[in-house]
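Order of the sequence lines fixes the chain letters, A, B, ..., with proteins taken first and strands second; residue numbering starts at 1 for each chain.
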Number of protein chains: 2
Amino acid sequence: MGSEGHSDGTVGKALDVLDMVSSHGHPVRFSDLLEKSPYPKATLYRFLQTLTHQGMLAYDTDRGTYSLGVRLVRLAHTAWTQSSLAPLARPFISDLAAQTGETVHLAQMDQGQVLYVDKRNAAKPVEMFSQAGKVGPAYCTGVGKAMLAFMSDDAVEAAISRQSFHRFTDHTLDTPGKLRAELAAIRTLGYAFDREEHEPGIICCAAPILARSGKVMGALSVTSTTARSSLATLEAEATRITDCATQIAAEAENWRFPDQN
Amino acid sequence: MGSEGHSDGTVGKALDVLDMVSSHGHPVRFSDLLEKSPYPKATLYRFLQTLTHQGMLAYDTDRGTYSLGVRLVRLAHTAWTQSSLAPLARPFISDLAAQTGETVHLAQMDQGQVLYVDKRNAAKPVEMFSQAGKVGPAYCTGVGKAMLAFMSDDAVEAAISRQSFHRFTDHTLDTPGKLRAELAAIRTLGYAFDREEHEPGIICCAAPILARSGKVMGALSVTSTTARSSLATLEAEATRITDCATQIAAEAENWRFPDQN
DNA sequence: GACTAAGTTTCAAATAATGGAACCAAACGG
DNA sequence: CCGTTTGGTTCCATTATTTGAAACTTAGTC
């Protein structure tokens, strides 16, 4: 059990609790958490107290339920601004969405999952947090595979071990083996497809955003449907997409803070 | 003044560090943090390690700088969804923006500050995290005063003690006394104005969102400029604004989770 | 090559976390 | 109406973790 259990110290445990609350998806009572938690009553209780007192959790006195606190929203604003590609990539994403007339996603890797940090829809107006902050599987999304393909072997293996390999559709790459083969192909090609691997009818073409050092900073994708488009049509845009990724990478390289201070 | 100093345990301290990083507004080096921190070198170092390992901070190996990690963005998404009024209030906010043709803000109170959780601009499209998650002063914004006016005496005093009372404009209420008087007036009136107290030329009319129990859940405001509108014009919309607040409150009261599980 | 600044590791002492058990309160059942 | 269960909170002696001064290691300067 030593393999993964090393939640570093008290702080790690407290953050675990935060995740536990988060994963429920709705306000939870103390006892619900207690069942799922590895901690004894008193310990869990104190964690919840502390986190609530700190504003990381919100406690509804009437119903006796915990949910994630708004302090997180405030912190996330800063996180999004200063350590995601989103603010910097914004104009490029907008252009790409306008040019292709399709939805564009910007994502980064977080704990083996794909974390969407921005989204631009040519037609509809943007939906706020309901989009940024969402997570998705890495092994069956265009952006996920694009990032994995250019990560270090160690990082890839670590990520693979965290995938569920759930078979969402008939096209889902549902084994580490198939995924590794696909990643090799992507590495040579330079961009990735989602061939209805996550949702039937949904396809996309994605490119990694790479720092000069080769480090994967994120990925972006142009998404469409089989009804409206096709893989061939999307591939025609591949250069545009990879170019966009390159531009963002360049911008990131320059910007990384102009020595404020 | 011991009233506030007790950062609860190790977890509290670690979260302090998170705030410290956040407050810099740009990636920081270890030594910059060390200066500002009350913790000795080794202690701070371990906190940073832990937080980084946990994904709450991101460490840039090249530059040796820390910034807030993307894990926060993911958590915030859940927080926003499940414990802010935003998702639920969305349609009402949109309507209000359309009806008034002005910018509408939705805010909640967080640690004595105003935290904006949504924004709707009749004209321009929404900007994601760049808007939600922003914070502002409570004592000189419409939403801030609207919320304070209906909070318990204890909570108000706690909040007041956290205000800076910086004199942004000639109209800023820059003392606790002036603020308290204003709050009393707001309480009788039922809504609040921002009379260019935060920014010259910017005015707004705000209403609190109150639970049936009387608890303040948040506030919303319609903002305009002296060039385009006037306090009198805004006051004409006051009923519309308070009605909107009431509707949101009602909706919140019903919704608070339809017994999922 | 000596000197300095910045970051990292060590380790005994100090402190804070732990969790079994007792306690309390409200809802339940007979 | 009282005994019982369920759900939540507090105690406190034990135990494990955090603490932080100091030693150490780079990496950069003169």
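Note on A:K13: every side-chain N or O is 4.0 Å or more away from OP1 and OP2 of D:dT17. Remark: B:S31 is not in phosphate contact with C:dA5, judged by side-chain N or O atoms under 4.0 Å from OP1 or OP2. Within the 4.0 Å cut-off from OP1 or OP2 of C:dA16, not a single side-chain nitrogen or oxygen of A:T10 is found. Distances shown here put every side-chain N or O of B:K41 at or beyond 4.0 Å from the OP1 or OP2 atom of C:dA6.
The distance from atom CD of A:E35 to atom C1' of D:dG7 is 12 Å, rounded to the nearest whole Å. Separating the CG atom of A:L44 from the C1' atom of C:dA17 is a distance of 14 Å, rounded to the nearest angstrom. Between A:D32 atom CG and D:dG7 atom P the separation is 9 Å, expressed in whole Å. Taking atom CZ of residue B:F30 and atom P of nucleotide C:dA6, one finds them 11 Å apart after rounding to whole Å. In this entry the distance linking CZ of A:R63 with P of C:dA27 reads 15 Å, nearest Å. For the pair A:L48 CG and C:dA17 P, the interatomic distance rounds to 15 Å; values are reported in whole Å. Distance OH (A:Y39) to P (C:dG19): 10 Å, rounded to an integer number of Å. Put simply, CG on A:L34 is 10 Å from P on D:dG7, counting in whole angstrom units.
Nearest-nucleotide assignment on DNA chain D puts the 5′-proximal partner with A:A42, out of B:P38 and A:A42. When each of B:R46 and A:Y45 is assigned the nucleotide of DNA chain D with its nearest heavy atom, A:Y45 is the one assigned upstream, toward the 5' end.
Closest of all the heavy-atom pairs between A:L18 and A:L68 is O-CD2, 3.7 Å. Nearest heavy-atom pair across A:A245 and A:A207 is CB-CB, 4.2 Å.
Using a 4.0 Å cut-off between charged side-chain N and carboxylate O, A:E35 and A:R29 make no salt bridge. Classification of A:R74 and B:D19 as a salt-bridged pair fails, no side-chain N sitting under 4.0 Å from a carboxylate O.
When atom types are taken as modelled, the side chain of A:E251 and the backbone of A:L88 share no donor-acceptor pair closer than 3.5 angstrom.
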